[in-house]
**Q** 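To start, I am sharing the structure in question, which I have written as structure tokens.
Computed from a predicted structure; not experimentally measured.
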Amino acid sequence: MSRLGQGGRTCNGQESSALHFHCSSFLAKVKATDADEGINGRVWYRIVKGNEHNNFRINPSTGLVMRGVRHLDREQNSSHVLEVEAYNTEQGPMRSSVRVIIYVEDVNDEVPVFTQRQYNRLGLRETAGIGTSVAVVRATDRDTGNGGLVNYKILSGAEGKFEIDESTGLITTIEYLDYETKTSYLMNVSATDQAPPNNQGFCSVYVSLLNELDEAVQFSNSSYKAMIMENIPLGSEVLRVQARSIDNLNQITYKFDPNTNAQALSLFKINGITGVITVKGQVDREKGDFYTLTVVADDGGPKIDSTVVTITVLDENDNSPQFDITSDSSVSVAEDSAVGKRVAVVLARDPDAGSNGQVTFSLTSGNIGQAFEIHTTNNTYGEVFVAWPLDRELLDHYTLRIQASDGGVPPRRKEHTLRVNILDVNDNPPIIDSPFGYNVSVSENVGGGTAVAQVRATDRDVGLNSVLSYYITRGNEDLTFRMDRVTGEIATRPSPPDRERQSFYSLVVTVEDEGNPSLSVSHQNVLFRGRMELGGTAGASLALRR
């Protein structure tokens with residue numbers, strides 16, 4: 001029987017039973033010898049074991065081991081153990097075998113393969129700091145050496161927020177994230193082996209961010225303004241404030257800042273959900289015409305916002321003018337006061353605003369003969385002036401009704417009573433009752449103190465101006481008569497009249513008042529005529545006339 005040698009040869013000519021294939025379809029050559037001659041010494045070769053996938057073939061006559069029709073894949077099988085048999089005939093018993101080991105050398109023909117086609121990192125906190133681990137990608141390459149060593153790279157989608165460690169595949173953040181700017185990222189990542197032709201594998205990494213309460217609540221307007229009428233009904237809507245949060249996670253609630261003015265808080269309230277501000281108290285412009293409210297919006301996050309609401313209260317003509325206590329209510333005016341003289345001042349105020357608070361004055365009654373007029377000054381003062389000459393003897397007082405009216409539509413009014421007392425001036429002389437004088441007869445030798453006449457006078461003035469004094473100012477040189485200064489009575493003195501000495505008297509009587517300066521009137525020809533009868537009877541007549 002022939003014996004099969006265990007020799008072999010690689011493509012570089014070295015003999016070995018262990019063959020490394022990497023450059024030729026000729027792998028090895030086996031050789032067997034047979035001492036027989038002729039046909040019995042003819043040797044044939046065949047692979048009897050280890051070639052189940054027909055990766056190899058052998059030349060039956062030469063013993064050359066070559067690649068088969070199937071492609072070799074080191075990654076599936078890095079070595080093959082073939083049993084090669086040498087024989088004479090197919091059925092002959094004479095045969096021999098040898099084991100041929102073929103090692104398949106690596107060629108960088110494998111592509112890196114990621115463990116997942118897509119890696120997902122869901123719910124990464126938007127507040128994650130720089131350097132936060134996001135995901136680890138991993139790719140394997142069945143090649144050996146540099147052909148199986150991979151480097152990682154983010155090809156797209158990182159947008160400057162992420163980086164990858166080229167050796168470990170660890171993806172980390174390199175910039176701050178913001179859910180409100182971008183909610184997710186889809187990155188394309190490659191794994192490249194380190195031997196030519198530098199095969200690449202690819203995967204995607206999906207990162208979604210978790211929205212957190214990190215954004216400030218923000219009002220639509222930095223400030224709000226509203227105007228309302230005073231006396232607006234309770235519950236009326238003033239305005240609505242509105243805020244938003246980019247986070248949009250929680251319901252935004254509204255409230256007044258507790259440091260807001262207490263009076264404003266007593267008049268207005270805010271709906272914590274809708275932001276509608278309504279009236280809850282009686283609004284009176286005269287108590288306050290401008291209110292400032294600070295509204296705070298809060299979504300439960302760390303960053304709240306506030307805005308200022310200013311409310312201007314507009315006036316309604318709901319107040320009548322009111323006369324001040326300092327207004328004149330009773331004055332005294334001399335009857336000789338000049339036309340145009342100011343005699344009284346009234347003061348009235350209206351707390352309303354604008355024309356509603358502008359006061360004008362008028363005289364509505366009591367101004368008999370239009371003796372007075374009133375002028376309005378600064379919509380506050382009413383000045384009363386003499387408009388016509390006054391005469392106390394005609395009218396000694398006036399009861400004036402002064403009306404204060406505001407400029408509202410319709411106007412509101414208030415009245416005030418002013419009593420003007422006319423003071424007497426000594427402008428009337430005394431008037432003797434008998435305009436034509438007095439004629440009196442008196443008997444001679446009448447006793448002293450006998451009343452012979454009484455002069456009566458009146459004076460239209462009052463007070464001292466009407467107090468009269470009576471004097472005989474002429475015709476009584478012999479002092480036959482005397483006159484009572486107060487009553488005006490003329491009487492004889494103790495020495496009786498004597499007709500033989502003087503038969504008549506013409507007396508001048510002056511009546512003077514007590515004014516300053518005083519006024520007087522005189523009556524002349526107060527005549528006394530008398531006859532003396534002999535025989536002891538005497539009669540005299542005294543005629544007094546003007």
Side-chain angles (χ1 to χ4, degrees), residues 332-338 389-396 422-546:
S332 296
V333 180
E335 63 177 320
D336 64 347
S337 295
L390 303 175
D391 188 350
R392 188 207 63 81
E393 287 70 41
L394 293 177
L395 188 62
D396 63 355
I422 307 302
L423 298 179
D424 185 55
V425 173
N426 194 22
D427 59 345
N428 288 281
I431 298 174
I432 297 175
D433 291 349
S434 176
F436 304 108
Y438 297 84
N439 290 313
V440 179
S441 295
V442 62
S443 296
E444 64 178 338
N445 299 318
V446 296
T450 300
V452 296
Q454 185 172 12
V455 178
R456 287 184 174 88
T458 59
D459 194 315
R460 297 177 62 196
D461 295 320
V462 295
L464 292 178
N465 295 332
S466 66
V467 175
L468 303 180
S469 298
Y470 299 85
Y471 306 94
I472 298 173
T473 56
R474 195 173 63 204
N476 192 32
E477 288 78 4
D478 59 359
L479 301 177
T480 301
F481 303 96
R482 66 175 178 83
M483 189 170 201
D484 191 296
R485 179 179 176 182
V486 176
T487 65
E489 182 182 71
I490 299 175
T492 61
R493 289 185 181 276
S495 176
D498 184 352
R499 190 189 70 84
E500 286 72 28
R501 183 166 47 91
Q502 185 171 339
S503 61
F504 71 92
Y505 293 85
S506 179
L507 304 178
V508 176
V509 175
T510 299
V511 183
E512 183 180 71
D513 62 29
E514 298 295 323
N516 184 19
S518 64
L519 297 178
S520 63
V521 64
S522 296
H523 275 285
Q524 297 181 359
N525 299 324
V526 179
L527 301 177
F528 289 87
R529 298 181 184 273
R531 290 192 307 275
M532 180 68 70
E533 296 291 339
L534 298 176
T537 61
S541 65
L542 176 69
L544 178 63
R545 62 180 181 272
R546 177 174 281 183

**Q** Rounded to the nearest 0.5 Å, what's the gap from CZ on R485 to OG on S469? Could you check?
**A**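 The CZ atom of R485 sits 4.0 Å away from the OG atom of S469.
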**Q** Which pair of non-hydrogen atoms, one from R392 and one from V462, has the smallest distance, and what is that distance?
**A** NH2-CG1, 3.3 Å
**Q** Could you state the interatomic distance from CD (E477) to CD1 (I472), rounded to the nearest 0.5 Å?
**A**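 So the gap between those two atoms works out to 10.5 Å.
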**Q** Quick check against the 3.5 Å criterion: does Q454 have a side-chain atom that pairs as donor or acceptor with the backbone of T487?
**A** yes
**Q** Using only atom types and a distance under 3.5 Å, with no angle test, would you say the side chain of N426 pairs donor to acceptor with the backbone of P517?
**A**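 Looks like yes, one N/O pair under 3.5 Å.
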**Q** So which heavy atom on P430 is nearest to which on L468, and how close?
**A** CG-CD2, 3.5 Å
**Q** Answer yes or no: does atom CZ of R493 have more than 12 heavy-atom neighbours from other residues, nucleotides or ligands under 6.0 Å?
**A** yes
**Q** Can you tell me if E335 uses its side chain to pair, donor with acceptor, with the backbone of V425 under 3.5 Å?
**A** yes
**Q** Closest heavy-atom contact between R501 and D478?
**A**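 Of all heavy-atom pairs spanning R501 and D478, the closest is NH1-OD2, 3.2 Å.
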**Q** For T492 and T450, indicate whether the former's side chain and the latter's backbone hold a donor-acceptor pair under 3.5 Å.
**A** yes
**Q** Measure the CG-CD1 distance between L395 and I422 for me, rounded to the nearest 0.5 Å.
**A** 7.0 Å
**Q** With heavy-atom distances below 4.5 Å as the criterion, would you say the side chains of V333 and L390 are in contact?
**A**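 Yes. Closest side-chain heavy atoms under 4.5 Å.
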**Q** Can you name the nearest heavy-atom pair linking G488 to M483, along with the distance?
**A** O-CE, 3.3 Å
**Q** Do T473 side-chain atoms and V508 backbone N/O form a donor-acceptor pair below 3.5 Å?
**A** yes
**Q** At their closest point, which heavy atom of Y470 faces which heavy atom of V455, and how far apart are they?
**A**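 Distance-wise, the nearest heavy atoms are CE2-O, 3.4 Å.
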**Q** Please give me the minimum heavy-atom distance between D424 and E393, naming the atom from each residue.
**A**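 Distance-wise, the nearest heavy atoms are OD1-OE2, 2.8 Å.
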**Q** Looking just at side-chain N and O atoms, do N428 and D461 make a donor-acceptor pair shorter than 3.5 Å?
**A**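 Yes - a donor-acceptor pair under 3.5 Å links their side chains.
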**Q** So, does N476 use its side chain to make a donor-acceptor pair with the main chain of F481 at under 3.5 Å?
**A**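 Confirmed, N476 side chain pairs with F481 backbone.
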**Q** Could you tell me whether the side chain of S466 and the main chain of R460 form a donor-acceptor pair under 3.5 Å?
**A**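 Looks like no, no N/O pair under 3.5 Å.
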**Q** Would you indicate whether the side-chain heavy atoms of T458 and D433 approach each other to under 4.5 Å?
**A**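 Counting from C-beta outward, D433 and T458 do come under 4.5 Å.
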